[in-house]
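In the text below, chain A, chain B and the rest are named by the order of the sequence lines, each starting its count at 1. Worth knowing before you read on, the calculation uses all heavy atoms, side chains too, and leaves out hydrogens, waters and symmetry mates.
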Amino acid sequence: MSASIDRDHGLGLLRQMVLIRRFEEKAAELYTVGKIRGFLHLYIGEEAVAVGTMQALTPEDNVVATYREHGQALARGMEAGSVMAEMYGKAGGCSRGRGGSMHLFDVSRRFYGGHAIVGGGLPVAVGLALADAMRGRPAVTACFFGDGAVAEGAFAESLNLAALWRLPVLFLCENNLYAMGTALERHQAQTDVVRKAEAAGVPGEAVDGMDVLAVEAAARRAAEAVRGGQGPRLLEARTYRFRAHSMYDPDLYRAGDEIEAWKTRDPVVLFTAVLRGQGVLGETDLAAMETSVAAEVDAAVAEAESGPWEPVEDLLKDVYTAPVDR
Amino acid sequence: MSASIDRDHGLGLLRQMVLIRRFEEKAAELYTVGKIRGFLHLYIGEEAVAVGTMQALTPEDNVVATYREHGQALARGMEAGSVMAEMYGKAGGCSRGRGGSMHLFDVSRRFYGGHAIVGGGLPVAVGLALADAMRGRPAVTACFFGDGAVAEGAFAESLNLAALWRLPVLFLCENNLYAMGTALERHQAQTDVVRKAEAAGVPGEAVDGMDVLAVEAAARRAAEAVRGGQGPRLLEARTYRFRAHSMYDPDLYRAGDEIEAWKTRDPVVLFTAVLRGQGVLGETDLAAMETSVAAEVDAAVAEAESGPWEPVEDLLKDVYTAPVDR
Amino acid sequence: MKKMTYREAARSALRQALAGDPRVFLMGEDVGRYGGAFAVSHGLLAEFGPERVRDTPLSENTFVGAGIGAALGGLRPIVEVMTVNFSLLSLDQVVNNAATLRHMSGGQLSVPLVVRMATGAGRQLAAQHSHSLEGWYAHVPGITVVAPGTADDARALLLAALREPDPVFVFEHAALYPMEGEVDDTAGPGEIGRAAVRRVGTDLSVITYGGSLPKALAAADLLAAEGITAEVVDLRTLRPLDTATILASVARTHRALVVDEGWRTGSLAAEVSARIMEGGFYDLDGPVQRLCSAEVPMPYARHMEDAALPQPATIAAAARAMLRRDG
Amino acid sequence: MKKMTYREAARSALRQALAGDPRVFLMGEDVGRYGGAFAVSHGLLAEFGPERVRDTPLSENTFVGAGIGAALGGLRPIVEVMTVNFSLLSLDQVVNNAATLRHMSGGQLSVPLVVRMATGAGRQLAAQHSHSLEGWYAHVPGITVVAPGTADDARALLLAALREPDPVFVFEHAALYPMEGEVDDTAGPGEIGRAAVRRVGTDLSVITYGGSLPKALAAADLLAAEGITAEVVDLRTLRPLDTATILASVARTHRALVVDEGWRTGSLAAEVSARIMEGGFYDLDGPVQRLCSAEVPMPYARHMEDAALPQPATIAAAARAMLRRDG
Ligand SMILES: Cc1ncc(C[n+]2csc(CCOP(=O)(O)OP(=O)(O)O)c2C)c(N)n1
Ligand SMILES: Cc1ncc(C[n+]2csc(CCOP(=O)(O)OP(=O)(O)O)c2C)c(N)n1
Ligand SMILES: [Mg+2]
Ligand SMILES: [Mg+2]
């Protein structure tokens, strides 16, 4: 972090993190008034992970995300309006209102969802990478998952298969120390995710997930190895969610001072300070950025509010490619 | 192996291995004439694993076995006659003819089957150990599985849970280098099973599975640790099956000289030589042993041949504890 | 009798079971510190401690299998699989072990296991979180399946499940947890295998269970206002089905509408219809009809989800159409 | 037309698909070096190489999921799950991903995946290796399910599956692999969604599929000797069911017996019965009957397994009883 940072790049990273933060704060508000329903899992506190890792990906790469994926989607460049409209259930949503918060998709950005079965995205990512390997597309498939997913059999199976076939998968573990209310040390006998990955044949590295530049650098190293045909890599980003698991969660299982301690490492605040320290972020830049982000979020809400509902007659659409006659 | 071996113990081990060998040779013969049907997976070549490990167990311990479990069953002390009758499908079989070769059970010996879904026995073993831990029974649950099972999600999940809760499970991996026709290095990116176990939080050890005394010693060490409340242990026995995977298998995937090379390490032959070398096995002992084993196998066949079939009216028996009225 | 929610009723059964039998314990994802994804087990960790209220890792296949093993080992496990959606990951242990061990062992083993899970849609949770697969479980010999549709049954059937020597699967409908009802929390366990006529009527039988029961009762209200009296049969136990109660109702009303939140094709409703075909054909004034969920992965948007599920209005409409058609 | 086995017919479709489309590849446990657990893929590794005929580790959940991903990524994977028994381990990927991705993505994604597996009993493989769970698959919207009952269909339906833009599950009955039949190996793909009348008759319709088809035909022979002519309908596609062909047959014969190797409760046969109830009630001379497997985890002993499964003699007996009773 001693090297000085490119101003545009730095401001770009910060803006993405701020956008995710404000977008989700607004989403939480809209949830309480019933505009958004179902499950809503906020990424607040973890922004540096999605924003940092996405820097290492090209438009040709694939992304497989979790149900806590607003940050992943926005960092991938999906339009805030189409994401917000999706959470409203509107026809203009990125999944036409069929998916909701947990199932954001954007095939034009190779964003393959929005998976709500913990660990369920990993095998799919392995398959996307297999297709690329067999077709000779030099792409990386980035697959996000939480620490909780590491306990699922799909984790060990998927890492093994990816390593066995040397497939271009970048496994991205968002280790926020909890799977719902179960702390890492209560769900893992051995809590070092990188060691698990290596035992499956996948080299790994852990990184401070609150430091966007560190995440970016580690992701670039890992993605480069993957892209260079060295087989899969795992990156474990150590992070923390500042909010409850979902809007239903009374958050009884974390000590208040643990949460407060982590909040002192807020990735947005930390990176703001870095940019300030490097003289990259001027006095008015932040205010201007907040204004532009606020406008973007407001526009997203406006788009969601004004967009039409899909007609109910289309209920059976997109179950199969061919229309179902009944 | 330098220490001199107790004669009774040595002869006992050898007799068990010979019994398993001859029992299975007979079973293969009976299969070709249609007396035994379904799947038949022979243990020939792997006898030292079951015989060695069982030495470390007491009658209070639990055993969870695979579908390749004639050796495991006989080494646990199950009657050859009841096993043979089971393979005939007779009412006197250890599972009343309901299970067949793949589903041998004997609750009096805490032999909990005979599992034919690869990896399916591991969670059950974890649960048996959980029950003992919660009830304060100082027992070990020994769970057999093959190298192929290591690829199943159930392996990683089960080891993690056992380690997390420090449960008294002895995981026994019979690594015969193949899962059906798929060689270990074609199904595992990282072929060191012990390293995988350790990454799950389970200390492990590998042992020469063709050397019954080495297996016994390693099993005793592991079982002692488990019994002493140190949590689960894994033992990987490196072995080889001399026959095809099952009676259906044309065995196209192994080179003849690989098989021949392993046959020079036949556990029965090796241990016979050890006992001879130590002067424990006299000139006539082996012949006498073969005679007594042959008589035991013949008696088992006679029992199976003469035993009655279960009446077909009992078809719906033992689906539930209470009889089903239809 | 006390007024309590379906959630509280289930919790009261859990508490009673844990207090009354030292072999009973509860395990599953987030049953302890979190308090249960649906707060059913809220407070039980504090009351019974971490040995008996066990948070598990996200390993559905293994902790259901461990429940089977613990049952073999002499305990009385209650395994909570958070929802039926995740239970797909543990179906191997259910179908290949829980359901078979007694039989395969020639009757040597018993698996006195209770598995609870939330089922159903109606909360805008979309395609991966809205399944109603209890009909699949009802297909499997060797297990018993119950699906309480009232607060009282949420307690009574869970207690009954804990008396069975063989595995019992309890499907609690997620949308019912906040529903209040009269519960006799001093009563003993309910009776497995017995359906209940929840409302008597003469024009048709509406046969349903679980989350569709309140909807069917609401539909019966709508119909009553038009002079149509619907008998509402609550199956309660999905395996074994109480065919006698179903057929007796049909013999009285001569018409049956089966309402089931599962997808139509291969639904439990199909089984009910087939049984009426086989045992009540000559009693029928017209064909049995089914009202099930639309055959679609559940969409998120509210208007779409509402349209995909049986509703009081659509149940009433189906009933009306039957009466019109059959005369 | 050539005489070949069901196994050879399936292999010929695989070979044709691999040869004709570079996007097609086959993966599964032991499909390569071993030659396939049922020798269906025997020789294909030598012919097409290890990139296109891929042995997988024992990881059903992951390699089925990888098939989904590979389909998303532009390939045409054929995944072999050795048997339906092990497919329980991959049901999550099927129900929650393969079946939902098109819908959840608002139509952006397609999953042109073919999954083949062996199903059924009859080889004394006991309780964990004898399931017939294709009826479960037929419950799931978003996927298509076929079940060839003849050698020709083993080829034609597999080729047809490979033309579908959405996931197709092909259930090959393990007991049929050695069965010979006439196969036109120059013909194009079969038609999904179309049942076939395999034998014309007037006294009753025997509706069946897969491994029970030869048994139903044998039963029809037995009945014919007694002057009873049974029409035998082969469903071939289990989802979507060809209701029109079923109802047309029932309209001709006025009686239907559904034969299905699945356990009776919640069987596919129940769905067929329910559809006849709904669409053919007024054509019926008596109730539709089902002949399914006994509700028991399959016992190993031969006489027990034989008794648990539908057999030509029991099918014929059921038909006779229907004609006596109704007629
Ligand atoms: C297979 C499965 N089991 C359970 C759940 C319920 N559930 C949703 S999120 C979650 C915790 C996942 O934790 P983690 O993987 O660490 O991700 P995080 O929520 O912390 O980002 C659980 C248990 C689920 N969605 N899928
Ligand atoms: C879940 C599952 N998948 C596939 C099979 C089919 N199958 C039976 S044994 C076997 C190989 C198992 O290999 P391993 O675990 O090494 O045991 P071994 O046969 O070598 O003793 C396979 C693939 C099965 N029984 N269960
Ligand atoms: Mg987490
Ligand atoms: Mg092996």
Side-chain angles (χ1 to χ4, degrees), chain C residues 60-61 85-86 88-89 91-97 99-104 126-128 131 133 135-142 239-241 258 262-282 284 286-290 294-300, chain D residues 60-61 85-86 88-89 91-97 99-104 126-128 131 133 135-142 239-241 258 262-282 284 286-290 294-300:
Chain C
E60 286 80 1
N61 190 41
N85 312 289
F86 318 141
L88 290 167
L89 290 163
L91 261 183
D92 169 56
Q93 286 293 330
V94 173
V95 174
N96 283 320
N97 283 344
T100 63
L101 282 167
R102 160 165 286 276
H103 190 78
M104 290 195 311
Q128 295 184 331
H131 299 305
L133 294 171
W136 278 9
Y137 285 81
H139 181 53
V140 183
R239 183 181 186 92
L241 274 176
V258 193
W263 292 306
R264 181 186 183 91
T265 301
S267 55
L268 189 85
E271 177 63 29
V272 173
S273 176
R275 292 203 182 190
I276 298 172
M277 169 72 88
E278 290 151 12
F281 183 76
Y282 298 103
L284 289 172
V288 176
Q289 301 289 343
R290 291 181 285 167
E295 306 220 14
V296 60
M298 195 58 70
Y300 162 72
Chain D
E60 287 80 1
N61 190 42
N85 311 289
F86 319 139
L88 291 167
L89 290 163
L91 262 184
D92 168 57
Q93 287 293 331
V94 173
V95 175
N96 283 320
N97 283 345
T100 63
L101 281 167
R102 160 166 286 276
H103 190 78
M104 290 195 311
Q128 295 184 331
H131 300 304
L133 294 171
W136 278 9
Y137 285 81
H139 181 52
V140 183
R239 181 181 188 90
L241 275 175
V258 193
W263 292 306
R264 181 184 184 91
T265 301
S267 55
L268 189 85
E271 177 63 30
V272 174
S273 176
R275 291 203 184 190
I276 299 172
M277 169 72 89
E278 291 152 9
F281 183 76
Y282 299 103
L284 289 172
V288 175
Q289 301 289 344
R290 291 181 285 168
E295 305 222 12
V296 60
M298 195 57 70
Y300 162 71

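- Heavy atoms only, all atoms of each residue included: Asn96(D) and Asn85(C) are closest at ND2-O, 3.6 Å.
- The closest side-chain heavy-atom distance from Asn61(D) to Leu89(C) is below 4.5 Å.
- Contact between Glu271(C) and Gly266(D) at its shortest, heavy atoms only, is OE1-N, 2.7 Å.
- The minimum heavy-atom distance linking Ala99(D) with Pro297(C) is given by the pair O-CG, 3.6 Å.
- Of the two parts of Met277(D), the backbone and the side chain both hold a non-hydrogen atom closer than 4.5 Å to a non-hydrogen atom of chain C.
- Of the residues considered (Glu278(D), His131(D), Met104(D), Gln93(D)), Glu278(D) shows the highest number of contacts with chain C, using heavy-atom pairs under 4.5 Å.
- Only the side chain of Leu133(D) comes within less than 4.5 Å of a heavy atom in chain C; its backbone stays farther off.
- Each of Gly262(C), Pro141(C), Ala126(C) has some count of heavy-atom pairs under 4.5 Å with chain D, and the biggest count is that of Pro141(C).
- When all heavy atoms of Pro287(D) and Phe281(C) are compared, the pair lying nearest together is CD-CD2, 3.6 Å.
- With a 4.5 Å cut-off on non-hydrogen atoms, Arg102(C) does not touch chain D at all.
- For chain C, no part of Pro240(D) is nearby; none of its heavy atoms comes within less than 4.5 Å.
- Ranking Leu268(D), Val258(D), Val95(D) against chain C, the residue ahead of the rest is Val95(D), based on heavy-atom pairs under 4.5 Å.
- Rounding to the nearest 0.5 angstrom, the gap separating the CD atom in Gln128(D) from the CG atom in Asp92(C) is 7.5 Å.
- Of the residues considered (Gly279(C), Ala294(C), Ser273(C)), Ser273(C) shows the highest number of contacts with chain D, using heavy-atom pairs under 4.5 Å.
- Contact record, Val140(D) with Trp136(C): CG2-CZ2, 3.7 Å, taken as the closest heavy-atom pair.
- For the residue pair Arg275(C) and Thr265(D), a side-chain donor N or O sits within less than 3.5 Å of a side-chain acceptor on the partner.
- A 4.5 Å side-chain heavy-atom check between His139(D) and His139(C) finds every atom pair outside the cut-off.
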